[in-house]
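Residue numbering restarts at 1 for every chain, and letters A, B, ... go by the order of the sequence lines.
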Protein chains: 2
Amino acid sequence: MADQELFSPESNFEVRTIGTHLGCNRATAHPRNVVKFAPQEHVFMQGDAPKGIYKVLRGTVILYRLMADGRRQIQSFVSGGEYLAMTFADRHDVSAEAITPVEILCTPRAMFDRRLQNEAGFRQRILTMMGTKLQSAREQALLLGRKNAMERTASFLLFLDHRFRNPETGYVEIRMSRCDIADYLGLTLETVSRMMNKLKQRGIIDLPQATRFAVCKREQLVSLAGEVDCLEGIAA
Amino acid sequence: MADQELFSPESNFEVRTIGTHLGCNRATAHPRNVVKFAPQEHVFMQGDAPKGIYKVLRGTVILYRLMADGRRQIQSFVSGGEYLAMTFADRHDVSAEAITPVEILCTPRAMFDRRLQNEAGFRQRILTMMGTKLQSAREQALLLGRKNAMERTASFLLFLDHRFRNPETGYVEIRMSRCDIADYLGLTLETVSRMMNKLKQRGIIDLPQATRFAVCKREQLVSLAGEVDCLEGIAA
DNA sequence: CGTCGGTTTGAGCGGTTTCAATATAGGTGG
DNA sequence: CCACCTATATTGAAACCGCTCAAACCGACG
């Protein structure tokens, strides 16, 4: 649903830049603690103390970890309707950065706990969601630990196609850079580019521009991905 | 605590082999649904329908995923006191295999839900635990996606040392094969062996036998691991 | 038309894997 | 207690995949 934001040519709604970090004081200045972020802005950084429970209302955020020398691993994409990093630890273990214009709802921890206690349906949804996120993280671990470059790329394209294909045209708008893809797949951007163009040469995908593709030979792409699951449910 | 089971020379308590799979009918034959498994036995397999919520009372279980051609990625180690794969989906996405003698408590889903509703402390523990598991999975993703063989091995040794060092001797008993380590780190067993022996040669660890080691130069090992976190909290 | 960020493409290198041989430890039976 | 046997671990040599570095290309935008 709201996932589409990542890939639809949604015109950039006006963003009131509030700063790189989300401060509760600032947040409370808005009705219902809704804060907006422009692309490239951080919702929070690795090491920050959580200010509450964050929910993405609109847009897409990436969660990533950095190493001291700059190597980056993107953990997941979080889109509209999903919760961001529901950590109950005292420090965020990941950084969260908007890659589209984003609206974030920040709920105080106490209120979140109250809902968990009082609303069975809410509790169920939250638990299911955490289970799904765990499952996605494991899927990613299999990909990162045991798949080669072509399998990773094929898996990713199938994931994009599954979640973001425009049913009219059959094409997917890729609204992220090769570098972001690479940092998600544990590859370099050059390798991602090579794999995608190899798939194009073989006629398995159509890639008219760097930012658009369509799956032509699904069977072959699935078999190249090495797994049926194809990251389904990632960031879900 | 019960984690020690993996590494203490705990004599094999008598195991009543009940079969490779855990059947609820069998489970109910035992008081409080406790079932025992011998090493190499499966608690459940990828694709099985969950029979309830599993808790490891004693011993250590690995969670892993297999690819069609046999490649394996170990997702986590689950030790005494921890919950196994608290999935709320209709199929297990991973297989669970005992690597030591193990006792598993199987709680019916409905009873688990009831406790979640009625006991705030229980709810809190479960949520915190799922958060911790998610964090571990992300830590592993960084390791698998962005660390080289030496960094992975050093991280793993620090993790073992942190969790399983015998405070008397300073040594850790490694109660798993090089192959299991490799399948956890996304490497081959030969590479794991090479890295460990390179660390031994440099005097960074002592490795009198293949199954025992101690950290000699912690500073250097930490710096080789590339990160401070060192998988802390994995499987926790 | 020129600039700038991002993408593609190429050549060479290096780390990890692969395959194979050897070494070691643990268990069994003589 | 020793010899054997099997598992697992170590070590070596060669191949290969993905990375690094560098150059060319492309599209958007002034």
Side-chain angles (χ1 to χ4, degrees), chain A residues 9 11-12 39-40 67 69-73 99 143-157 160 172-202 205-213 224 226, chain B residues 9 11-12 39-40 67 69-73 99 143-157 160 172-202 205-213 224 226:
Chain A
S11 56
N12 27 358
Q40 328 293 338
M67 290 179 65
D69 58 5
R71 279 175 284 179
R72 182 176 70 147
Q73 178 63 48
I99 60 173
L143 180 144
L144 293 172
R146 289 304 181 203
K147 291 191 179 181
N148 62 30
M150 183 50 87
E151 290 169 331
R152 296 183 199 196
T153 307
S155 299
F156 184 69
L157 292 178
L160 288 186
V172 180
E173 305 292 327
I174 310 173
R175 308 225 8 207
M176 54 197 299
S177 69
R178 294 288 183 270
C179 182
D180 284 348
I181 298 175
D183 282 348
Y184 180 68
L185 296 180
L187 300 169
T188 60
L189 65 93
E190 293 96 332
T191 299
V192 170
S193 177
R194 270 184 257 269
M195 295 301 136
M196 289 182 62
N197 283 287
K198 189 174 291 186
L199 289 171
K200 177 185 180 182
Q201 278 171 23
R202 293 202 220 158
I205 63 172
D206 182 31
L207 187 65
Q209 311 141 45
T211 59
R212 280 183 94 229
F213 81 96
L224 281 174
Chain B
S11 56
N12 28 357
Q40 327 293 337
M67 291 179 65
D69 58 4
R71 279 176 284 178
R72 183 176 70 150
Q73 179 64 47
I99 60 172
L143 179 144
L144 293 172
R146 289 304 181 202
K147 290 190 178 181
N148 63 27
M150 183 51 88
E151 290 168 331
R152 296 183 199 195
T153 307
S155 299
F156 184 68
L157 293 178
L160 289 185
V172 179
E173 306 292 327
I174 311 173
R175 309 226 4 208
M176 53 196 302
S177 68
R178 294 289 183 271
C179 183
D180 285 348
I181 298 174
D183 282 348
Y184 181 69
L185 296 180
L187 301 169
T188 60
L189 64 92
E190 293 95 332
T191 300
V192 171
S193 178
R194 272 185 256 270
M195 295 301 136
M196 288 181 63
N197 284 287
K198 190 174 289 186
L199 289 171
K200 177 186 179 181
Q201 279 171 21
R202 293 202 221 158
I205 63 171
D206 183 31
L207 188 65
Q209 311 141 47
T211 59
R212 281 184 93 228
F213 81 95
L224 282 175

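- Considering every non-hydrogen atom in both B/L144 and B/Y184, the closest pair reads CD2-O, 3.9 Å.
- Protein atom CG of A/L143 is 12 Å distant from nucleotide atom P of D/dG18, rounded to whole Å.
- One interatomic measurement links the two molecules: CE of B/M195 to P of D/dA9, which rounds to 17 Å at whole-angstrom precision.
- Atom CE of A/M150 is separated from atom C1' of D/dC17 by 12 Å (rounded to the nearest Å).
- Heavy atoms of A/Q209 sit nowhere under 4.0 angstrom from any nucleic acid atom.
- Between B/R178 and D/dT10 there is a side-chain polar atom (N or O) within less than 4.0 angstrom of OP1 or OP2.
- Remark: A/L224 CG to A/S155 OG distance equals 9.5 Å, nearest 0.5 Å.
- Atom pair B/M176:CE and D/dT8:P shows a separation of 14 Å (rounding to whole Å applied).
- Put simply, the side chain of B/R194 and the base of C/dG15 share no donor and acceptor less than 3.5 Å apart.
- Using a 4.0 Å heavy-atom cutoff across all strands shown, B/L189 reaches at least one base atom of the nucleic acid.
- The minimum heavy-atom distance between A/M196 and A/I174, with the atom names listed, is CE-CD1, 4.0 Å.
- For B/L187, taking side-chain heavy atoms from C-beta onward, the closest of the listed nucleotides C/dT8, D/dC19, C/dT16 is C/dT16.
- Distance from the side chain of A/A210 is smallest for C/dT7 among the nucleotides D/dC21, D/dT11, C/dT7.
- Between A/M195 atom CE and A/L187 atom CG the span is 8.0 Å, to the nearest 0.5 Å.
- Rounded to whole Å, atom P of C/dG15 lies 14 Å from atom CZ of B/R152.
- Going from atom CD1 of B/I174 over to atom C1' of C/dT24 covers 15 Å, rounded to whole Å.
- Within the structure, a side-chain polar atom (N or O) of A/T191 is placed less than 4.0 Å from OP1 or OP2 of D/dC19.
- In this entry the distance linking CZ of A/R71 with P of D/dT20 reads 9 Å, nearest Å.
- Under 4.0 angstrom from either OP1 or OP2 of D/dC19 there lies at least one side-chain N or O belonging to A/T188.
- The overall bend of the helix from C/dC1-D/dG30 to C/dA23-D/dT8, read as the angle between its terminal helix axes built from five base pairs each, is 30° when rounded to 10 degrees.
- The distance from atom CG of B/L160 to atom CZ of B/F213, rounded to the nearest 0.5 Å, is 5.0 Å.
- Taking 4.0 angstrom as the limit, B/N197 places a side-chain polar atom (N or O) nearer than this to OP1 or OP2 of D/dT11.
- Between the CZ atom of A/R146 and the CD atom of B/Q73 there is a distance of 6.0 Å, given to the nearest 0.5 Å.
- Nearest-nucleotide positions on DNA chain C for A/L207 and A/R146 put A/L207 closer to the 5' end.
- The A/N148 side chain lies nearest to D/dG18 when the options are D/dC19, D/dG12, D/dG18.
- The shortest non-hydrogen separation linking A/D180 to A/R72 is OD1-NH2, 2.6 Å.
- We find that CD of A/E190 is positioned 17 Å from P of C/dG12, with the value rounded to whole Å.
- With contacts defined as side-chain heavy-atom distances shorter than 4.5 Å, the pair A/M176/A/I181 qualifies.
- C/dA23 takes the anti form, because its glycosidic angle lies more than 90° either side of 0.
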